Amino acid sequence: MSGFYERPVGVVARELIGCVVRCGETAGLIVETEAYHEIEPACHAFVGRTARTVTLFGPAGRAYVYLSYGLHTMLNAVCEREGVGAAVLIRALEPLEGIELMRARRRRERVEELCSGPGKLTEALGITLADNGADLRAGPVTIATKGRAALPVAASRRIGITKAVELEWRFAVPGNRFVSRAGAAPAR
DNA sequence: CATGGGATTGACT
DNA sequence: GTCAATCCCATGC
């Protein structure tokens with residue numbers, strides 16, 4: 001069998017919707033993802049293999065974790081065959097377990113504010129740069145890819161990037177209140 | 001070695 | 001709506 005993550009990154013991004021991310025006592029259901037691939041300039045791997053991107057070119061099923069804006073940690077799942085730089089960014093979760101711990105880490109009470117963004121969910125789950133390169137089937141951060149929830153999925157443009165903005169490589173559950181920027185006007 | 005730009009968030013006008 | 005925080009790392013001199 002070919003691994004779940006060794007398939008085209010867009011397929012994996014769509015199928016990760018409804019899977020459960022777990023880290024320690026905290027867990028959440030994936031409701032929003034984005035796909036990135038070395039062939040397009042929004043992807044960190046576009047520049048080739050560097051100190052930062054070695055994980056992206058490594059074996060599928062690993063976590064690619066990096067720091068954004070010097071503040072926020074981003075969780076990605078490395079995809080496609082080894083040597084191809086591609087990954088799925090996990091952008092939002094519906095909190096399932098460890099919600100009080102998430103509240104303490106996030107210093108927020110409303111459950112909609114715990115994991116409704118890529119930087120928020122890593123803080124809520126306690127994911128750090130030390131998790132970069134870890135195997136997502138072994139932990140400490142894991143993603144359960146079997147028995148995922150069957151949820152509706154809509155594709156749209158990726159958020160917060162300045163290159164390759166026309167690609168509709170963002171996948172989200174329509175109308176879900178835990179999706180990032182859920183309060184903002186829908187894209188048109 | 002110095003510089004500048006982010007796959008964001010939260011606070012503020 | 002605007003904007004600062006904050007730091008890794010890619011790039012260029």
Side-chain angles (χ1 to χ4, degrees), chain A residues 5 8-10 12-14 16-17 21 28 30-58 60 62-80 84-93 95 102-134 136 141 143 153-173 177-188:
Chain A
Y5 296 103
V9 68
V12 179
R14 181 178 284 272
L16 278 174
I17 300 290
V21 181
I30 300 175
V31 295
E32 183 183 356
T33 63
E34 282 178 359
Y36 289 86
H37 193 284
E38 63 178 49
I39 58 169
E40 45 89 15
C43 182
H44 291 170
F46 183 72
V47 298
R49 203 183 288 251
T50 65
R52 180 198 212 183
T53 63
V54 283
T55 310
L56 275 174
F57 289 93
R62 305 290 185 86
Y64 167 55
V65 183
Y66 72 96
L67 193 65
S68 179
Y69 292 94
L71 302 163
H72 305 291
T73 305
M74 303 284 152
L75 172 65
N76 298 253
V78 176
C79 294
E80 310 214 2
V84 176
V88 175
L89 171 68
I90 310 301
R91 282 196 59 92
L93 307 176
M102 292 183 183
R103 284 195 169 112
R105 286 170 172 161
R106 291 274 303 130
R107 299 172 300 282
R108 287 285 183 289
E109 284 302 312
R110 294 183 59 243
V111 69
E112 294 87 351
E113 293 181 65
L114 298 179
C115 298
S116 57
K120 299 177 187 178
L121 71 92
T122 54
E123 184 177 35
L125 271 61
I127 295 168
T128 70
L129 291 181
D131 296 307
N132 186 40
L136 290 169
V141 183
I143 301 179
V153 180
S156 58
R157 291 184 174 196
R158 295 176 294 180
I159 292 177
I161 55 170
T162 58
K163 301 164 187 163
V165 295
E166 72 285 354
L167 296 177
E168 297 199 329
W169 284 10
R170 171 175 178 256
F171 302 92
V173 180
R177 68 197 231 266
F178 300 102
V179 165
S180 69
R181 305 192 186 185
R188 48 156 300 127

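Every chain is numbered from 1, with letters handed out A, B, ... down the list of sequences. Atoms considered below: every heavy atom in the structure, side chains included; atoms not considered: hydrogens, waters and symmetry mates. None of the values given here were measured: they were computed from a predicted structure.
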- So, are A:R157 and A:E166 salt-bridged, with charged N and O less than 4.0 Å apart? no
A:K163 atom NZ is separated from B:dA7 atom P, nearest whole Å, by 7 Å
note: A:L67, atom CG; C:dC9, atom C1'; distance rounded to Å ~ 11 Å
Separation of B:dT9 atom C1' from A:L121 atom CG, nearest Å, is 13 Å
Do the side-chain N or O atoms of A:R170 get closer than 4.0 angstrom to the phosphate oxygens (OP1, OP2) of B:dA7?
no
Check: Ion pair present between A:R106 and A:E123, side-chain N to carboxylate O less than 4.0 angstrom?
Finding: yes
A:Y5/A:L136 under side chain to side chain contact (heavy atoms under 4.5 Å, CB included): CA gap, chis, key distance, verdict
CA-CA 10 Å; A:Y5 296 103; A:L136 290 169; 4.3 Å; yes
So, does A:R91 get its side chain near the phosphate of B:dT8, meaning an N or O under 4.0 Å from OP1 or OP2? yes
| said: Could you tell me how far C:dC3 sits from B:dG5 if I compare only their P atoms? Round to whole Å. | reply: 16 Å
To the nearest angstrom, the OH-C1' distance between A:Y69 and C:dC8 comes to 14 Å
- Going through the distances and angles, do A:L125 and A:V141 end up as a side chain to side chain contact (heavy atoms under 4.5 Å, CB included)? CA-CA 9 Å; A:L125 271 61; A:V141 183; 5.8 Å; no
Using atom types as modelled and distance alone, determine if a side-chain donor or acceptor of A:T55 lies under 3.5 Å from a backbone N or O of A:A63.
no
_Between A:D131 (side chain only) and A:T128 (backbone N and O only), is there a donor and an acceptor less than 3.5 Å apart?_
yes
note: A:H72, atom NE2; C:dC9, atom C1'; distance rounded to Å ~ 18 Å
Output field dot_bracket for DNA chain B (Watson-Crick or G-U, both distances under 3.5 Å, | for other-strand pairs) contains ||||||.|||||.
In numerical order, the residues of residues 34-53 of chain A whose heavy atoms come under 4.0 Å of DNA chain C are A:V47, A:T50, A:A51, A:R52
Practice item. Flag the pair A:E40 and A:K163 as a salt bridge only when some basic side-chain nitrogen lies within less than 4.0 angstrom of an acidic carboxylate oxygen. Key: no
Go through the steps for A:R170 and A:E32 under the test salt bridge (Lys or Arg N to Asp or Glu O under 4.0 Å), then give the verdict. CA-CA 7 Å; A:R170 171 175 178 256; A:E32 183 183 356; 2.8 Å; yes
Here the distance between atom P of B:dT9 and atom CZ of A:R181, to the nearest Å, is 7 Å
From CG of A:L71 across to C1' of C:dA4 the rounded distance in Å is 10 Å
Phosphate OP1/OP2 of B:dG10: any A:K120 side-chain N/O under 4.0 Å | yes
* To do: Start with the C-alpha distance between A:I161 and A:W169, add both sets of side-chain angles, then the distance that settles side chain to side chain contact (heavy atoms under 4.5 Å, CB included), and finish with yes or no.
  => CA-CA 12 Å; A:I161 55 170; A:W169 284 10; over 6 Å; no
Looking for any heavy atom pair under 4.0 Å, which part of the strands does A:I161 touch: base, sugar-phosphate only, or nothing?
-> sugar-phosphate
- [ ] Show the numbers, then the answer: is there a side chain to side chain contact (heavy atoms under 4.5 Å, CB included) between A:V179 and A:R91?
- [x] CA-CA 8 Å; A:V179 165; A:R91 282 196 59 92; over 6 Å; no
When rounded to whole Å, the CG to P distance for the pair A:L89 and B:dT8 reads 8 Å
Separation between CG (A:L93) and CG (A:L114), nearest 0.5 Å, reads 10.5 Å
So, with a heavy-atom separation below 4.0 Å from DNA chain C, the residues of residues 107-118 of chain A are none
Judged by nearest nucleotide, the residue sitting upstream toward the 5' end of DNA chain B, A:L56 or A:E123, is A:L56
dist A:L67:CG -> A:N132:CG (nearest 0.5 Å) comes out at 11.5 Å
